[in-house]
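Structure record follows, encoded as structure tokens.
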Amino acid sequence: MKNLQQIEELKKEQLNLSKKLKIKDRIPVEKIKTVAGIDVTFTDVWKNPTTGIACIVVMDVTENFKVIETVYVEDTVDFPYIPTFLAYRELPVILKAYEKIKTKPDAFMLDGMGILHPRKMGIASHFGVITDTVSVGCGKSKLVGDYEEPPNKKLSYSPVYVDGELRGFAVRTKKNANPVFVSPGNNISVESSLKLLIKSLGRYKLPEPTRTAHILLQKYRKRLIS
DNA sequence: GCGACAG
DNA sequence: ATCTTGTCGC
């Protein structure tokens with residue numbers, strides 16, 4: 001567990017980091033070619049501490065999602081999952097993987113939220129601020145915000161608001177599938193985060209970069225524990 | 001006071 | 001997040 005004092009400290013840290021956010025385009029989405037998908041899994045999710053495994057897959061979204069580079073990193077993780085503090089659990093191992101990649105992708109796509117977070121510091125934003133990169137968060141479920149269910153039609157979407165402010169979109173990436181939630185991590189606008197998500201979509205519900213990272217991790221994990 | 005709550 | 005194959009329904 002974790003004591004209340006420490007949580008309050010981390011909240012302050014998130015608020016401080018949020019001051020460094022740049023929610024505007026560093027590069028037009030039209031010029032983005034390479035997108036890195038980032039995901040994390042654990043050998044034992046119920047245990048603490050446990051071993052976390054991070055995977056980063058760099059791919060060219062303009063060349064049929066051709067994979068350019070893949071890296072994996074294992075590391076001990078000793079921080080529980082606490083809603084709104086996901087970064088403190090998963091970011092350390094992710095940063096190790098980040099240091100390992102040799103190519104410099106135009107943008108990063110993470111599993112989870114960007115500024116669609118109570119303090120605008122979802123894991124994608126935290127990552128983007130720490131590394132000063134273009135990042136986007138795309139999660140399978142909502143953490144915070146108000147929105148209306150988008151129509152059941154491929155690529156329909158609806159805005160998600162927090163404190164009356166537009167923070168992201170609920171996007172129906174596939175017909176008959178629940179919407180995903182996209183928001184800027186850092187160095188990109190809310191509208192462009194939606195454009196990049198759409199640009200990163202293949203024939204599945206989840207964007208290819210994170211979907212691929214997730215699949216590769218499942219295989220890596222099975223090989224590791226078996 | 002009660003419910004909600006990324007992975 | 002993970003345990004797990006086939007099966008039902010839009």
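Chain identifiers are assigned alphabetically (A, B, ...) following the order of the sequence lines, protein sequences preceding nucleic acid strands; residue numbering begins at 1 within each chain. Bear in mind the structure is a predicted one, so any value in this text is a computation, not a measurement.
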Just the rounded figure in Å: distance from P of C/dC10 to NZ of A/Lys153. 21 Å
What contact category does A/Ile82 fall into here, base, sugar-phosphate, or nothing, at under 4.0 angstrom with non-hydrogen atoms? nothing
Does A/Arg211 count as lying over the ring of A/Tyr204, i.e. NZ or CZ under 6.0 Å from the six-ring centre, within 45 degrees of the axis? yes
Distance test, side-chain N/O of A/Arg221 to OP1/OP2 of C/dC3, below 4.0 Å: yes
Side-chain N or O of A/Lys47 versus OP1/OP2 of C/dT2: is the shortest distance under 4.0 Å? no
Do we get A/Lys219 above A/Tyr72's six-membered ring, with its NZ or CZ under 6.0 Å from the centre and within 45° of the axis? no
Using centres under 5.5 Å plus planes under 30 degrees as the test, is A/Phe181 stacked with B/dA6? no
For A/Ile123 and B/dG7, give me the distance from atom CD1 to atom C1', rounded to whole Å. 8 Å
Would you check if the side chain of A/Thr34 reaches a backbone N or O of A/Asp60 as a donor-acceptor pair within less than 3.5 Å? no
Determine: side-chain N/O of A/Ser141 to OP1/OP2 of B/dG7, distance under 4.0 Å, yes or no. yes
Using a cut-off of 4.0 Å on non-hydrogen atoms, how would the nucleic acid contact of A/Lys175 be classed: base, sugar-phosphate, or nothing? nothing
Nucleotide nearest A/Trp46 (side chain, heavy atoms from C-beta), chosen from B/dC5, C/dA1, B/dG7: C/dA1
At under 4.0 Å, does any side-chain N or O of A/Gln218 touch on OP1 or OP2 of C/dT2? yes
Separation of C/dT2 C1' from A/Ile53 CD1 (nearest whole Å): 13 Å
Spacing between A/Lys142 atom NZ and B/dC5 atom C1', to the nearest angstrom: 9 Å
Among B/dA6, B/dG7, C/dA1, the nucleotide that comes nearest once only the side chain of A/Glu90 is considered: B/dG7
Looking only at side-chain N and O atoms, does A/Lys140 come under 4.0 Å of OP1 or OP2 in B/dG7? yes
Just do the side chain to side chain contact (heavy atoms under 4.5 Å, CB included) check on A/Ile38 and A/Asp111 with the steps written out, would you? CA-CA 7 Å; A/Ile38 301 182; A/Asp111 260 325; over 6 Å; no
Under 4.0 Å, counting only non-hydrogen atoms across every strand here, what does A/Gly122 touch: a base, just sugar-phosphate, or nothing? base
Between A/Phe42 (CZ) and C/dC3 (P), how many Å, whole number? 13 Å
Mind running side-chain hydrogen bond (donor to acceptor under 3.5 Å, both in side chains) on A/Arg119 and A/Thr84 for me, showing each step along the way? CA-CA 8 Å; A/Arg119 295 167 292 281; A/Thr84 75; 3.1 Å; yes
Rounded interatomic separation in angstrom, taking CG from A/Leu206 and C1' from B/dA6: 13 Å
Both A/Asn152 and A/Val40 contact DNA chain C. Taking the nearest nucleotide for each, which residue is further toward the 5' end? A/Val40
So does A/Lys66 pair up with A/Glu63, basic N to acidic O under 4.0 Å? no
Between P of B/dA6 and CG of A/Leu86, the distance in whole Å: 9 Å
Write down the distance between CZ (A/Phe85) and P (B/dA6), rounded to a whole number of angstrom. 13 Å
Give the nucleotide from the list C/dA1, B/dG7, B/dA6 with an atom nearest to the side chain of A/Thr41. C/dA1
